[in-house]
*Asks:* 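Here it is, the structure, as structure tokens.
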Amino acid sequence: MKIGLFIKKKRVPTTINDFLLTNEIYYELCSQLNEKQRNLFNFIMKHTVQCCFAEDNNVSPPDPFCIFLSGGAGVGKSLL
């Protein structure tokens, strides 16, 4: 049974499974990224894999990083 919050009659995801995408949707969204977006996405994914590896193997995680993402309307911030 899934439990969710409702805001203005829209269900808000409350578990990690609520955020999972099918492979088809994931690859479709990734294919829409331009080169700079893809570079940032790959950097974040690599860092995530390193964090998971560190947690699973009891080693020090990589240093955290901060990102300031800006741009005008329609440049793809939300897609990224």
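Numbering of residues begins at 1 and proceeds along the displayed sequence.
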*Asks:* Taking only residues two or more places apart in sequence, or in another chain, which ones meet K36 in a side chain to side chain contact (heavy atoms under 4.5 Å, CB included)?
*Replies:*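 Testing K36 for side chain to side chain contact (heavy atoms under 4.5 Å, CB included), a comparison that skips the adjacent residues, returns N34.
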*Asks:* Extract all donor-acceptor atom pairs below 3.5 Å that involve side chains of residues 69-80 and protein atoms in other chains or at least two apart in sequence.
*Replies:*
from: K77; atom 1: NZ; to: G71; atom 2: O; distance (Å): 2.9
from: K77; atom 1: NZ; to: G72; atom 2: O; distance (Å): 2.9

*Asks:* Hey, what else clusters with V59 if you join Ile, Leu, Val, Met, Phe, Trp, Tyr whenever side-chain heavy atoms sit under 4.5 Å?
*Replies:*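 Hydrophobic cluster check, V59: joined to F53.
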*Asks:* Using side chain to side chain contact (heavy atoms under 4.5 Å, CB included), reason through M45 and F41 one step at a time and then give a plain yes or no.
*Replies:* CA-CA 6 Å; M45 291 302 294; F41 178 79; 3.7 Å; yes
*Asks:* Determine which pairs satisfy side-chain hydrogen bond (donor to acceptor under 3.5 Å, both in side chains) with at least one residue from residues 41-57, sequence neighbours left out, and list them in order.
*Replies:*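 Those involving residues 41-57 do not exist here.
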*Asks:* What closest approach, in Å, do A54 and S60 show between heavy atoms, and which atom pair accounts for it?
*Replies:*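 What the structure gives for the nearest pair is CB-O, 3.7 Å.
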*Asks:* Sequence neighbours excluded and cut-off under 3.5 Å, please list the side-chain donor-acceptor pairs for residues 22-33, or say none.
*Replies:*
from: T22; atom 1: OG1; to: I25; atom 2: N; distance (Å): 3.2
from: E28; atom 1: OE2; to: Q32; atom 2: NE2; distance (Å): 3.1
from: S31; atom 1: OG; to: E28; atom 2: O; distance (Å): 2.7

